[in-house]
Structure formats: C-alpha cells, structure tokens
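To keep things clear, I will list the structure first and then write my remarks on it.
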Amino acid sequence: MGMLFLFLLGFGLAVAGGVTTIAYMNFLPAGISWYEFFIFIQNRPECYFLPAGFIMMAIALYRYPNT
C-alpha cells in the first residue's frame, strides 16, 4: 500500500511540475531565448517537482514486490 501511495504522489508531482514547465514555455514566443528560459526555470521551485516525481515513481516501481 505504501508503494502505491508513493507512486501516486510521484505521479502527481510529475504532472504538476510538467504543467508548470510547459506553462512557462509561453515566455519563448515573447522573445526570450532557450538559455534564458532554462535559467528562469532553474530558479523556480515548482519546476523541481517534475524530476522529483520521476524519482519517486522510479523508487516505487523498483521496490514494488514482484509476485
């Protein structure tokens, strides 16, 4: 039960981080470069939810009992 909760929590974080990262991509047509975009999202804490969610899902899948 704990691994399922960890997986779902990781999935939710990955979705939240991915959505905010994609939403911030709307700055690209406004004239900022890719380099400036990556510098910007590097300073935004909600963009770290995407890799954190992927790591949590990977841990849950790795530790899930194979029966």
Side-chain angles (χ1 to χ4, degrees):
M1 185 70 165
M3 290 301 116
L4 179 63
F5 177 73
L6 184 66
F7 181 82
L8 291 176
L9 182 64
F11 183 77
L13 286 175
V15 168
V19 166
T20 57
T21 303
I22 291 171
Y24 286 140
M25 289 181 95
N26 286 324
F27 290 144
L28 291 172
I32 69 167
S33 67
W34 280 100
Y35 177 75
E36 293 169 335
F37 170 71
F38 286 122
I39 294 298
F40 176 75
I41 66 169
Q42 183 180 9
N43 297 324
R44 305 299 300 178
E46 61 270 12
C47 293
Y48 287 109
F49 290 160
L50 180 63
F54 282 154
I55 290 170
M56 290 173 73
M57 287 191 300
I59 290 170
L61 288 174
Y62 178 72
R63 297 198 56 203
Y64 190 76
N66 293 330
T67 56

Do Phe27 and Phe40 have ring centroids that are under 6.0 Å from one another? yes
In Å, rounded to the nearest 0.5 Å, how long is the span from OH of Tyr24 to CZ of Phe38? 15.0 Å
So how far is it from Met56 CE to Leu8 CG, rounded to the nearest 0.5 Å? 10.0 Å
Distance-minimising heavy-atom pair for Met3 and Ala60: O-CB, 3.5 Å
Looking only at heavy atoms, what is the nearest atom pair of Ala14 and Leu50, with distance? O-CD1, 3.4 Å
What about [X] and [Y], same hydrophobic cluster or not, with Ile/Leu/Val/Met/Phe/Trp/Tyr joined at side-chain heavy-atom distances under 4.5 Å?
X: Ile32; Y: Ile41; value: yes
X: Leu13; Y: Leu4; value: no
X: Phe54; Y: Val19; value: yes
X: Ile55; Y: Leu6; value: yes
X: Phe11; Y: Phe49; value: no

So, do Gln42 and Tyr48 sit near enough that their side-chain heavy atoms are less than 4.5 Å apart? yes
Can you tell me which residue pairs pass the salt bridge (Lys or Arg N to Asp or Glu O under 4.0 Å) test with a partner in [range], sequence neighbours excluded?
range: residues 2-29; result: none
range: residues 39-54; result: Arg44-Glu46
range: residues 29-39; result: none

Tyr64 (side chain) donor-acceptor with Ile59 (main chain) under 3.5 angstrom: no
What class does the angle between the rings of Phe37 and Trp34 fall in, given that below 30° is parallel, 30 to 60° is tilted and above 60° is perpendicular? perpendicular
